[in-house]
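Encoded as structure tokens, the structure appears first; notes follow it.
Since we're looking at a predicted model, the values are computed, not measured. No hydrogens, no waters, no symmetry mates; every other heavy atom, side chains included, goes into these values. In the text below, chain A, chain B and the rest are named by the order of the sequence lines, each starting its count at 1.
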There are 2 protein chains.
Amino acid sequence: MSSAENHLQTAIAYVSKYIGNIQEEELELLLQCIRFANYQKGDLLYRHGEIPKSASFVITGAVRSYYIDEEGKENTVGFYFENEPAFPYGSFVELVPAAASFVAMEPVVVVWISRHDFYHFLETFPRFETGIAKVLGEYLIKGGQHLKLMRIDSSRERYKKLLEIQPEIVTRVPLTYIASYLGMALETLSRVRAGKL
Amino acid sequence: MSSAENHLQTAIAYVSKYIGNIQEEELELLLQCIRFANYQKGDLLYRHGEIPKSASFVITGAVRSYYIDEEGKENTVGFYFENEPAFPYGSFVELVPAAASFVAMEPVVVVWISRHDFYHFLETFPRFETGIAKVLGEYLIKGGQHLKLMRIDSSRERYKKLLEIQPEIVTRVPLTYIASYLGMALETLSRVRAGKL
DNA sequence: TGCATAATTTGACGTGCGTCAAACTTCTTT
DNA sequence: AAAGAAGTTTGACGCACGTCAAATTATGCA
């Protein structure tokens, strides 16, 4: 099977996961609406301050979202891997500028849909709205978990908790970004991992 | 105008805000689905660990959400005032136990809808889904703001930022809860406000 | 009005972790 | 295989803020 076909399968499986079996006509329109895109390490999928014009879902690779604070420091707020949505959700729905940028941490393939096609599709097949709500719900829960994580005061415990709830992050992501995600200095994370704190 | 009629007006205005004009039939079903409820200070609207059976919107009063962490400490994660949704969103949609409890900080009136009626209504009038997505989007943005707030390292700056983005909180909420919301000791917040830090 | 309880302030002290700096290790690229 | 860049570790030092304790002020209720 070619890589393109493979990606298509993945994308369809992704949609099915949220809304169940897809009808012939639904699939037809869906295929007209979705596109695939490749990114190299360091490429931006979404830029902070811009209103997102599309919704992307990771097929392969790893994406990181971050924003720059007033002191110019980069704050990592999310990681997105295979079979996860990776775009500024709230901003996409609310049509406001995104607070965060999304960047490829390694070669990335995504399936994406433009805002226009997205809403056109939903108008045609309203039953898909339910799936959207579910995705949003997952996003909310994920965000809540991160907030909860960040509220743990001790660095050691914060890292411990991360290992507990998202161990895959620790194996795939450079230390710098994990430290940033956990809101601690790189050096502190290093010491925590060495058991020196 | 009676207080009950007044609340009804508020509720309808709230819905209109998200989906525009409401048709006769829509309103009729809506009125069959929604209920009002009163809470006294300290009453729980939602309990952590339970799957929310309803969606509530504040008509009057103030609500606070919090969770208890492993050390038994109470962590405030949100405040909800007039014309805001106040319920565990992600959990409501995803049918998972809520991470947080919601409690009335003062006498509260809410309009609520059961999950059953909620989905029944949406099936009957799918165009309302769009409004739901918007509410979810607002929630996401709100959550993102709080996370961003929490990532500011200095207590002083964290409080300053809160004043900037949600000044109403500072006037309506006891210090203890603000401190908890900002992830700092009550004493630290007191010193920050006195300009001693 | 006065008493009890809650809310906020002030002080003293200790420490976790950020910052700066430098060494060491692991990837890239040619 | 060498040279450079990127990623990670280690050490030294200081201070912001948490904790404990007690004083002061505000609030509710008889």
- prompt: B/Y89 and B/F87: aromatic ring centres closer than 6.0 Å?
  reply: yes

- prompt: How close or far is atom P of D/dG18 from atom NZ of B/K73, stated in whole angstroms?
  reply: 8 Å

message: Atom NE2 of residue position B/H7 - does it have more than 12 heavy atoms of other residues, nucleotides or ligands inside 6.0 Å?
response: yes

message: Which residue is it: B/K160, B/R158, B/K161, B/R151? I am looking for the one with a salt bridge (charged side-chain N to carboxylate O under 4.0 Å, His left out) to A/E70.
response: B/K161

task: Measure from OH on A/Y159 to C1' on D/dT8 and round the result to the nearest Å.
output: 13 Å

message: Both B/L189 and B/D153 contact DNA chain C. Which one's nearest nucleotide lies toward the 5' end?
response: B/L189

query: Around atom CZ of B/R172, are there more than 12 heavy atoms of other residues, nucleotides or ligands at under 6.0 Å?
result: yes

message: Taking the axis from the first five pairs and the axis from the last five, what angle separates them in the helix from C/dT1-D/dA30 to C/dT30-D/dA1, rounded to 10 degrees?
response: 60°

message: What's B/R156 touching, base or sugar-phosphate or nothing? Going by heavy atoms closer than 4.0 Å.
response: nothing

Nearest-Å distance for atom pair CG/C1', residues A/L175 and D/dA6: 12 Å

message: Could you check whether any side-chain N or O of A/S101 sits under 3.5 Å from a backbone N or O of A/H48, counting only pairs where one atom can act as donor and the other as acceptor?
response: yes

- request: Name the first nucleotide and the last nucleotide along DNA chain C (5' to 3') that come under 4.0 Å of a heavy atom in chain A.
  value: C/dC17 to C/dA21

statement: Rounded to whole Å, NZ of B/K160 lies from C1' of D/dA16 at a distance of 16 Å

query: How long is the line joining CZ of A/R191 and C1' of D/dC13, in whole Å?
result: 11 Å

Any donor-acceptor pair under 3.5 Å from B/S180 side chain to B/T76 backbone: yes

query: Are the aromatic ring centres of B/Y181 and B/Y177 under 6.0 angstrom apart?
result: no

query: In whole angstrom, what separates B/L197's CG from D/dT19's C1'?
result: 15 Å

field: Donor-acceptor under 3.5 Å (B/Y46 side chain, B/S54 main chain)
entry: yes

- request: Mind checking A/S190 for me? I need base, sugar-phosphate or nothing, with any heavy atom below 4.0 Å counting as a touch.
  value: base

message: Tell me the interatomic distance from A/M184, atom CE, to D/dT9, atom P, rounded to whole angstroms.
response: 13 Å

- line: Between A/E187 and B/Y177, whichever has its closest DNA chain C nucleotide further toward 5' is B/Y177

query: Whole Å only: how far is the CG atom of B/N75 from the P atom of D/dG18?
result: 13 Å

task: Can you establish whether the number of heavy atoms outside A/K17 located under 6.0 Å from its atom NZ is more than 12?
output: yes

